[in-house]
Amino acid sequence: MNVLIAGAGRLGTQIANVLAAARNEVTLIDIDDDRVAELQGSMPVQLVAGDACEPVLLEHAGALTADLVIATTGDDEDNLVISLLAKRQFSVRRVAARVNDSDNAWLFDGRWGVDVAVPAATPLISLIEEATGATDTVALLRLSKAGVDVIETAITPQSRAVDRALGDVPLPEGTVVATIVRDGQPTVPDPAIRLRAGDELLLVSHSATEQEIHAAFQ
C-alpha cells in the first residue's frame with residue numbers, strides 16, 4: 001500500500017513508522033525544512049519538505065499513486081485542504097484527517113474529501129485501524145506469512161525499565177525493538193540508550209503477546 005502522511009509531528013512520525021514496519025511504501029511530508037532534515041536517516045520512509053496544501057507538492061510526493069492519505073498536521077484548515085485535494089484532484093481511494101479542535105469536527109466529512117475523521121486523542125493503533133480500514137490490528141500489522149506483529153508500549157514513571165539501558169531489558173524470544181519515539185521524534189534503538197518516562201516503543205515480534213511485551217517494560 002502506498003501511503004502519504006502530511007505532518008511530521010509526533011503523531012505523523014508514529015503512524016509512518018508503524019505503517020513502514022508493516023511493509024507499506026510511506027512518504028512523510030512536512031512544511032518545516034528543519035524538521036525534515038532532523039528526521040533524515042532515522043526513519044524507513046521517504047521524506048519530503050514542502051507545503052502539502054499545494055497540489056504540485058502533493059503530486060511530487062506521489063498523490064497520483066497513493067492508496068491512502070493521512071492529514072495529521074496541527075492545523076484543521078490545512079488538514080481539510082489536504083483531504084479535499086487528495087480526494088477531488090488526485091482521486092485517492094481513502095483519506096483520513098486528524099481533528100485538532102472538536103468544534104470543527106462537523107466539517108470533516110465527505111464534502112471535504114474526508115473518509116475517516118480522527119479525534120486528536122484517538123490511540124495510535126486505533127487511528128491506524130480506522131485510517132486503513134483494517135478490521136483488526138493483527139491483520140494490519142502482519143509483516144509476513146510467518147505472522148510477525150508490531151506492538152506498541154509506553155514507558156511510564158512507574159515502569160521498572162525507567163533509566164535502564166535498552167539492552168538490559170530482557171525481551172521475549174523473537175522480539176526486537178524497531179524504534180523509540182522520544183519527545184515526538186523517532187530514535188535509533190541503540191542497546192546503550194537509557195529509557196525515559198514518556199518514551200514510546202514499537203517492537204516487532206513473531207511470537208510474543210502484547211501482555212508479554214508490556215510485562216518486560218512495566
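Across L28 and A16, no two heavy atoms sit closer than the pair CD2-CB, 4.4 Å. Closest approach of T13 and A8 over heavy atoms only: CG2-O, 3.5 Å. When all heavy atoms of A165 and A192 are compared, the pair lying nearest together is CB-O, 4.2 Å. The two atoms that bring L85 and P55 nearest to each other are CD2-CG, 3.9 Å, heavy atoms only. When all heavy atoms of D30 and G9 are compared, the pair lying nearest together is OD1-N, 4.3 Å. Minimum interatomic distance between D78 and C53 (heavy atoms only, all atoms of both residues): OD1-SG, 3.6 Å.
Cluster membership for V118 and L80, using ILVMFWY side-chain heavy atoms within less than 4.5 angstrom, is not shared. If you chain together hydrophobic residues whose side chains sit under 4.5 Å apart, V114 and V81 never meet in one group. Cluster annotation: V99 is not connected to V95 through the hydrophobic network of ILVMFWY side chains, with a link wherever side-chain heavy atoms come within less than 4.5 Å. In the hydrophobic cluster analysis, where Ile, Leu, Val, Met, Phe, Trp and Tyr join through side-chain heavy atoms closer than 4.5 angstrom, I29 is grouped apart from L84. I70 and V36 fall within a single hydrophobic cluster, where Ile, Leu, Val, Met, Phe, Trp and Tyr are joined by side-chain heavy atoms under 4.5 Å apart, directly or via other members.
At least one side-chain heavy atom of L171 sits under 4.5 Å from a side-chain heavy atom of L203. Inter-residue side-chain proximity for I5 and T27 is flagged as unmet; no heavy-atom pair is nearer than 4.5 Å. V26 places none of its side-chain heavy atoms less than 4.5 Å from the side chain of P44. I193 is listed as a side-chain neighbour of R182, based on a closest heavy-atom distance under 4.5 Å. Contact check for L166 versus V177: side-chain heavy atoms found under the 4.5 Å cut-off. Side-chain contact check for T156 versus Q218: some heavy-atom pair is nearer than 4.5 Å. Inter-residue side-chain proximity for L11 and R98 is flagged as met; some heavy-atom pair is nearer than 4.5 Å. Put simply, the side chain of R160 does not reach to within 4.5 Å of the side chain of F217, judged on heavy atoms.
Partners of H60 under the side chain to side chain donor-acceptor pair (under 3.5 Å) rule, at least two apart in sequence or in another chain, do not exist in this structure. The side chain to side chain donor-acceptor pair (under 3.5 Å) test applied to D76 returns N100, N104, not counting sequence neighbours.
Remark: the backbone N or O of A6 is paired with a side-chain donor or acceptor of T72 at under 3.5 angstrom. Looking at N24, its side chain never comes within 3.5 Å of a backbone N or O of A20 through a donor-acceptor pair. Side chain of D199 to main chain of R196: a donor-acceptor pair is present (N/O by atom type, distance under 3.5 Å, no hydrogens or angles).
More than 12 heavy atoms of other residues, nucleotides or ligands sit less than 6.0 Å from atom CD of E212.
Considering CD of Q46 and CD of Q40, their distance stands at 9.5 Å, rounded to 0.5 Å. The distance from atom CG of L4 to atom CG of L68, rounded to the nearest 0.5 Å, is 8.5 Å. The line from CH2 of W112 to CD1 of I82 is 12.0 Å long, rounded to the nearest 0.5 Å. Between atom CD1 of residue I180 and atom CG of residue L195 there is a gap of 5.5 Å, rounded to the nearest 0.5 Å. Interatomic distance, CZ of R194 versus CG of D163, reported as 5.5 Å (0.5 Å rounding). Taken to the nearest 0.5 Å, the CD atom of E38 stands 11.0 Å off from the CE atom of M43.
Every pair passing side chain to side chain donor-acceptor pair (under 3.5 Å) that includes a residue from residues 80-90 is listed here, sequence neighbours excluded: K87-D115.
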What's the verdict on side-chain hydrogen bond (donor to acceptor under 3.5 Å, both in side chains) for T73 and N79, showing C-alpha distance, side-chain angles and the deciding distance? CA-CA 6 Å; T73 79; N79 289 343; 2.7 Å; yes
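Looking at D67 and R93, no side-chain N of the basic residue comes within less than 4.0 Å of a carboxylate O on the acidic one, giving no salt bridge.
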